[in-house]
Amino acid sequence: MELRLYDTLTKEKRPFTPLDPENVRMYVCGPTVYDFAHIGNARPVIVFDVLFRLLRHVYGAGHVTYVRNITDVDDKINLRAARDFPGLPLNEAIRKVTELTERQFHDDVDAIGSLRPTVEPRATEHIAEMRAIIEKLVAGGFAYVAEDHVLFSPQAMNAANKVLPRYGALGNRSLDEMIAGARVDVAPYKRDSTDFVLWKPAKPGEPSWPSPSGITTPGRPGWHIECSAMAWKHLGERFDIHGGGIDLVFPHHENELAQTCCAFRADRMANVWMHNGFLQVESEKMSKSTGNFITIRESLAEWPGEVLRLNMLKTHYRSPIDWTSKSLEESSKTLDDWYAVAADARGDRPADAVIEALSDDLNTAQTITALHGLRHAAASGGERERGEFAASLRLLGLLSMSAAEWKGRKQQASGIDAQQVDRLLADRTAARARKDFKESDRIRDELAAMGVAIKDGKDADGKPVTTWEIA
RNA sequence: GGCCACGUGGCGGAGUGGUUACGCAACGGUCUGCAAAACCGUGUACUCCGGUUCAAUUCCGGACGUGGCCUCCA
């Protein structure tokens with residue numbers, strides 16, 4: 001089955017051919033660790049986790065390297081550290097913030113069923129690589145030193161040669177446009193308004209490192225260089241897939257690509273650039289300033305992680321999602337049904353229809369359609385069908401627990417006393433046996449008021465059996 | 001202002017130059033003491049206006065709407 005992926009750079013869906021099938025390499029921009037991740041941050045985590053799982057399925061679990069960085073040097077972190085730990089030296093406070101946030105992030109992404117990446121490099125552990133790339137760029141004439149800053153020149157890049165990609169190609173804009181649209185307050189040390197910072201001097205008290213390119217004062221890296229450095233270190237000069245949110249296309253990925261391609265005189269950094277779309281919450285723009293945002297943590301208090309995961313996968317990754325409680329409700333019901341049908345089934349081979357849908361640029365909506373079909377086959381079929389359905393769900397990171405765990409979790413969250421329910425059901429069974437339907441219906445209403453839904457059935461011997469669940 | 005993406009039935013959401021998406025909800029049936037669940041079945045769609053075409057929801061142009069990005073700041 002041929003894997004096809006949409007590439008933001010060429011704006012086309014193409015067959016995916018790894019540079020090295022023995023080691024398929026993917027880099028995804030991870031969090032800047034200063035606060036709880038919000039539900040929008042969960043989207044790339046889930047989307048690229050599914051891609052990671054698919055690649056492992058296709059090329060073998062040991063033949064995929066997935067790198068997701070942790071950015072632990074940033075002004076937002078510094079601000080947060082100063083705010084939250086005013087009594088501590090800044091560097092210590094920063095460490096506290098980044099360690100705490102990283103732990104929160106890991107707890108959250110584990111809960112939404114994402115595999116840990118192969119490597120999770122930290123920016124602060126790759127300062128040497130950043131300096132090395134900066135030195136190469138200065139030596140190559142793509143960057144220059146000015147007032148203890150190092151600046152990258154897109155103009156120099158575009159003037160250089162025909163091997164390099166055009167600056168602006170990823171974000172689909174021309175340098176002329178950017179020059180025309182530049183803001184008036186351009187820093188005085190820049191030669192051109194489009195130049196961007198690779199390295200800047202540290203202010204007193206800020207984290208700092210020895211500077212590259214003969215600068216004598218200590219400094220710290222600009223925004224984009226850390227990803228060029230970490231991707232280089234862990235995946236090489238060129239690799240297969242680079243992913244992230246669509247907001248990163250420009251300037252972050254554009255600049256990363258420029259830095260890397262110029263440093264290594266290459267025409268590509270990643271062979272495929274993939275970007276996930278944005279989230280709205282209840283049809284409103286998600287924005288911190290208006291308070292209209294939900295953290296992963298808050299969502300997890302209300303829903304199992306798998307509900308968030310399935311809800312995210314209902315929409316194709318490049319389309320916008322309207323994140324609503326109604327939709328989550330629906331996802332939750334779907335999972336209840338799937339758990340009931342397949343949770344305890346064994347199977348290690350996902351259905352072809354599922355692999356096929358995922359292979360078409362991660363068409364998870366189509367995948368879910370296939371799952372509905374498999375669910376029907378599983379409900380009316382035997383162990384083979386149930387196994388195939390279960391394996392397909394597990395490939396997506398769903399169905400990670402047993403049916404009993406799934407049900408028990410919901411029951412626990414509702415705070416309903418199972419023993420009390422069983423007592424009431426025993427009374428009702430007795431009432432039904434003596435055809436006192438008034439009483440049995442009264443008990444059913446009582447249970448319904450508690451939030452318990454009951455189902456009457458018969459066992460193999462034809463004896464009436466009543467099961468129940470949280471409505 | 002520039003660039004880009006999106007606009008599908010009550011809701012969510014794929015896809016396609018001419019034929020059922022799928023799921024939820026709704027409705028009908030089977031089952032049931034009655035329900036629920038399950039199973040079977042049914043209906044309603046492609047923002048608007050032009051153009052291309054034998055034929056457009058699908059291609060092209062425009063309008064309107066929604067969202068994103070427009071650099072050293074998140």
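Lettering follows sequence order; numbering is per chain, from 1.
When the C1' atom of B/U32 is taken as reference, atom CZ of A/Arg432 falls 8 Å away, rounded to whole Å. The separation between A/Glu256 atom CD and B/U71 atom P is 18 Å, rounded to whole Å. Protein atom CD of A/Gln280 is 10 Å distant from nucleotide atom C1' of B/C6, rounded to whole Å. Spacing between atom CD of A/Glu330 and atom C1' of B/C11 amounts to 8 Å, rounded to whole angstrom units. What separates NZ of A/Lys13 from C1' of B/U16 is a distance of 12 Å, to the nearest Å. Between A/Trp323 atom CH2 and B/U66 atom P there is a gap of 24 Å when expressed in whole angstrom units.
Note that CG of A/Asp148 and OH of A/Tyr189 are 11.0 Å apart. Values are rounded to the nearest 0.5 Å.
Taking the six-membered ring where the residue is Trp, A/His253 and A/Trp273 present tilted rings, their angle falling between 30° and 60°.
Under 3.5 Å, the side chain of A/Arg173 and the base of B/C4 form no donor-acceptor pair of N or O atoms. Put simply, the side chain of A/Asp456 and the base of B/C34 share a donor and an acceptor less than 3.5 Å apart. Evaluation of atom-type donor-acceptor distances gives a pair under 3.5 Å for the side chain of A/Thr369 against the base of B/A21.
Base pairing analysis places B/A37 opposite nothing; no Watson-Crick or G-U wobble pair with both distances below 3.5 Å involves it. Across every strand in view, B/U66 sits in a pair with B/A5 that passes the Watson-Crick or G-U test at under 3.5 angstrom. Here B/A26 sits opposite B/U42 as a Watson-Crick or G-U wobble pair (both hydrogen-bonding atom distances under 3.5 Å).
A/Glu469 comes within 4.0 angstrom of no nucleic acid atom, judged by non-hydrogen atoms across all strands. Residue-level contact check: A/Phe152 touches neither bases nor backbone, having no heavy atom under 4.0 Å from any strand. Using a 4.0 Å heavy-atom cutoff across all strands shown, A/Lys435 reaches no nucleic acid atom at all. Nucleic acid contact for A/Ala365: sugar-phosphate only, since backbone atoms but no base atoms lie under 4.0 Å from a heavy atom of the residue. Within 4.0 Å of A/Arg428, counting heavy atoms only, lies at least one base atom of the nucleic acid. Within the nucleic acid shown, A/Ser440 comes within 4.0 Å of at least one base atom, counting heavy atoms only. As judged by a 4.0 angstrom heavy-atom cut-off over every strand, A/Arg375 is placed among residues touching the sugar-phosphate backbone only. At a threshold of 4.0 angstrom between heavy atoms, the contacts of A/Asp441 include nucleobase atoms, whether or not backbone atoms are also involved. Among the heavy atoms of the strands lying under 4.0 Å from A/Asn363 are primed sugar atoms or P, OP1, OP2 only; no base atom is included.
Using a 4.0 Å cut-off between a side-chain N of Lys or Arg and a carboxylate O of Asp or Glu, A/Glu102 and A/Arg122 qualify as a salt bridge.
Comparing A/Thr324 and A/Arg318 against RNA chain B, the residue whose closest nucleotide sits nearer the 5' end is A/Arg318. Toward the 5′ end of RNA chain B lies the nearest nucleotide of A/His316, the other residue of the pair A/Lys438 and A/His316 mapping further downstream.
For A/Arg68 and A/Phe48, the positive end is not near the middle of the six-membered ring at less than 6.0 Å and at most 45° from its axis.
For the C1' atom pair drawn from B/U19 and B/C24, the interatomic distance equals 26 Å after rounding to whole Å. Comparing the P positions of B/G23 and B/C40 gives a spacing of 10 Å, expressed to the nearest Å.
The shortest distance between the side-chain N/O atoms of A/Lys314 and the OP1/OP2 oxygens of B/C22 is not below 4.0 Å. Residue A/Ser319 has a polar side-chain atom (N or O) positioned under 4.0 Å from OP1 or OP2 of B/A14. Not one side-chain nitrogen or oxygen of A/Lys455 sits closer than 4.0 Å to the OP1 or OP2 atom of B/U32.
Of the N and O atoms on the side chains of A/Asn255 and A/Tyr167, at least one donor lies less than 3.5 Å from an acceptor on the other residue. Side-chain contact, A/Tyr27 with A/Glu256: no donor N or O sits under 3.5 Å from an acceptor N or O.
Annotation: A/Lys11, atom NZ; neighbour count of heavy atoms from other residues, nucleotides and ligands within 6.0 Å is above 12.
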